[in-house]
Each structure stands twice: as structure tokens, then as C-alpha cells.
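Report on the following structure.
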Amino acid sequence: MFVQTVLPVKDEAHFAAVKASLEPLFASGNVAGYLKRVQRAKLRVRDFEGLLHRGLLGAATAEAYQALGDSDRGQARELYLSLVEQVPLELRSRFLKVYAYY
């Protein structure tokens, strides 16, 4: 069975800042509004870098993310993508265009 290696976070302060700003976006009361903003920006929800550069993830998130090293950035992207996949199916079907791969 495949077991994913857990890499230690090198810059815990900046990583914690990124994590603290991403998790509220996907809270049950906020996720629909966030997906509407992504849809209005005509971006895909899995385009982390594009959303970050457009400011949809917040200015503080962009600053903290830029301060991270490469491995910590990868873990931040993985955290974001795991939050994206935890969105309930009814919202994912409602915002199909932002979830689609085309």
C-alpha cells in the first residue's frame, strides 16, 4: 500500500499564516461566496497560482506564500487542493464551470 511521505514544514510561521487564511474560505458559510468570486474572475478553482495572483485568496496569503520555500509552497498548494476537494457535491455541481478541467 502506498503511504505518502510527510515532509516537515520549514517555515512554520508563514505556513500557519497561509493555512489560517485558506481554511476560512472553505468554511460552510463562506465557500459559496468564494466560488462565486472565482466564477466571476473566470478562473478554475484548482488554479492556485492564478487565484493567488488575482488576489482572491487575500493579500496576506500572497505575502506569506511568497516568503515560503519551495517544499513549503508545495505543501500549501496541496493543502489548498485538499480543501477544494472537500467542498460538498451539491456546491461542486452548482459551480461546475469552476471545477471543470476544460
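Computed over heavy atoms, backbone and side chain alike; hydrogens, waters and symmetry mates excluded.
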Heavy atoms of Leu68 and Asp11 approach each other most closely as CD2-O, 3.8 Å

Atom pairs and distances, donor-acceptor, side-chain atoms in residues 22-31, under 3.5 Å, two or more places apart:
from  : atom 1 : to    : atom 2 : distance (Å)
Asn30 : ND2    : Pro24 : O      : 2.8

Any donor and acceptor pair, going by atom type alone, linking the side chain of Arg54 with main-chain N or O of Ala41 inside 3.5 Å? yes

Ignoring hydrogens and angles, tell me if any N or O in the side chain of Arg92 forms a donor-acceptor pair with the backbone of Val84 under 3.5 Å. no

Here the pair of heavy atoms bringing Ala62 nearest to Leu52 is CA-CD1, 3.6 Å

Between the NZ atom in Lys36 and the CG atom in Leu91, the distance rounded to the nearest 0.5 Å is 10.0 Å

*Report yes if some heavy atom in the side chain of Tyr34 is under 4.5 Å from a heavy atom in the side chain of Val98; otherwise report no.*
no

Note: Ser93 and Glu90 closest approach over all heavy atoms is OG-O, 3.0 Å

task: Please test Glu12 against Lys19 for salt bridge (charged side-chain N to carboxylate O under 4.0 Å, His left out), starting from the C-alpha separation and ending with a verdict.
output: CA-CA 10 Å; Glu12 292 190 27; Lys19 184 177 179 179; over 6 Å; no

inquiry  = With a 4.5 Å cut-off on side-chain heavy atoms, are Arg77 and Glu49 touching?
reply    = yes

When rounded to the nearest 0.5 Å, the distance separating CG of Leu51 from OG1 of Thr61 is 11.0 Å

Check: Tyr80 ring centroid to Tyr65 ring centroid under 6.0 Å | no

Distance col, row Leu43:CG vs His53:NE2, nearest 0.5 angstrom, shows 11.5 Å

- [ ] Please examine the side chains of Tyr99 and Val87, heavy atoms only from C-beta on, and report whether any two atoms are closer than 4.5 Å.
- [x] yes

Exercise for review: Give a yes or no on whether the backbone of Ala67 and the side-chain of Arg73 come within a donor-acceptor separation of less than 3.5 Å.
Suggested key: no

Report task. Dump the intermediate steps for side chain to side chain contact (heavy atoms under 4.5 Å, CB included) on Val18 and Asp72, then the final yes or no. Result -> CA-CA 10 Å; Val18 170; Asp72 291 347; over 6 Å; no

